[in-house]
Amino acid sequence: KNFNMTTFQWEYVADRTYFISDRSGDIWKLVFTNYGGSANGEFTFTQEMVGLAAVDDQPSQKGFLLFPNPVNSGSATLVIEAPVSTAKLTVHDLSGKRVMEQQLTGLGGLVQRQLDVNALPAGLYTLRVQGEGFASSTRLVIQ
């Protein structure tokens, strides 16, 4: 929350989403919907448990989630929980041809990155994130 010096009221960003990882490794999506102000200081929010993408190489490792999926607007959000600081993201079409590749840096813990898919035509793809001793993949649908 932030204090607005013009209105002298506390405000929250209504269109912001937060991702929280709990002690058991589950990731929760939180969206704040209301703030009770100085009267009670209570926040109201929606919560949704979002599962990690299946980790196909090492089940004990962390992974990532991708939303929205299917993608309609040209970009998707990756929420990555990786035990490495850098990783390579690749996207392959159904024939196995690599159609996108990015180096991801600043990882280690729970981070969020935007994936621009404007250049990709509608279809089904495989998205893979891998680093040293870490690999995870999921399907990506572009409408």
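Reckoned from all heavy atoms, side chains included, excluding hydrogens, waters and symmetry mates.
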Peer 1: Would you list the atom pairs, donor with acceptor, under 3.5 Å between side chains in residues 110-124 and any protein atom, with sequence neighbours excluded?
Peer 2:
unit_1 : atom_1 : unit_2 : atom_2 : d
R113   : NH2    : T105   : O      : 2.6
R113   : NH2    : G106   : O      : 3.3
Q114   : OE1    : T77    : OG1    : 3.4
Q114   : NE2    : T77    : OG1    : 2.8
D116   : OD1    : N118   : N      : 3.0
D116   : OD1    : N118   : ND2    : 2.9

Peer 1: Name all pairs fulfilling the salt bridge (charged side-chain N to carboxylate O under 4.0 Å, His left out) condition that reach into residues 86-97, sequence neighbours left out, sorted by first residue then second.
Peer 2: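 For residues 86-97, and leaving out neighbouring residues, there are no salt bridge (charged side-chain N to carboxylate O under 4.0 Å, His left out) pairs at all.
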
Peer 1: How many angstroms lie between atom CZ of F64 and atom CG of L127, to the nearest 0.5 angstrom?
Peer 2: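 It comes to 5.0 Å.
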
Peer 1: With heavy-atom distances below 4.5 Å as the criterion, would you say the side chains of I80 and L89 are in contact?
Peer 2: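 I80 does not reach L89 side chain to side chain.
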
Peer 1: With sequence neighbours left out, write down each residue that passes side-chain hydrogen bond (donor to acceptor under 3.5 Å, both in side chains) with T7, or none if nothing qualifies.
Peer 2: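 Not a single residue meets the side-chain hydrogen bond (donor to acceptor under 3.5 Å, both in side chains) criterion with T7.
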
Peer 1: Would L94 and Y125 satisfy side-chain contact (heavy atoms from CB on, under 4.5 Å), going step by step from the backbone distance to the final call?
Peer 2: CA-CA 6 Å; L94 286 178; Y125 298 87; over 6 Å; no

Peer 1: Please name all residues satisfying side chain to side chain contact (heavy atoms under 4.5 Å, CB included) with N69, sequence neighbours left out, ordered by chain then number.
Peer 2: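 N69 satisfies side chain to side chain contact (heavy atoms under 4.5 Å, CB included) with L66, L140, V141 once adjacent residues are dropped.
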
Peer 1: To the nearest 0.5 Å, tell me how far Q130 CD sits from S136 OG.
Peer 2: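 Answer for the CD-OG pair, Q130 versus S136, is 10.5 Å.
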
Peer 1: Taking C-beta and beyond as the side chain, do V129 and L104 meet within less than 4.5 Å on heavy atoms?
Peer 2: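 Yes, at least one pair of side-chain atoms sits under 4.5 Å.
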
Peer 1: Once salt bridge (Lys or Arg N to Asp or Glu O under 4.0 Å) is applied, do any residues pair with R98, and if so which ones, sequence neighbours excluded?
Peer 2: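 Counting only residues at least two positions away or on another chain, R98 forms a salt bridge (Lys or Arg N to Asp or Glu O under 4.0 Å) with E101.
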
Peer 1: Distance check, rounded to the nearest 0.5 Å: L107 atom CG versus T86 atom OG1?
Peer 2: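 Going from the CG atom of L107 to the OG1 atom of T86 covers 7.0 Å.
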
Peer 1: What are the two closest heavy atoms between A76 and P68, and how far apart are they?
Peer 2: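 Reported closest heavy-atom pair: CB-O, 4.1 Å.
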
Peer 1: So with a 6.0 Å cut-off around CD of E132, is the heavy-atom count from everything else above 12?
Peer 2: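 Count not over threshold, so no.
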
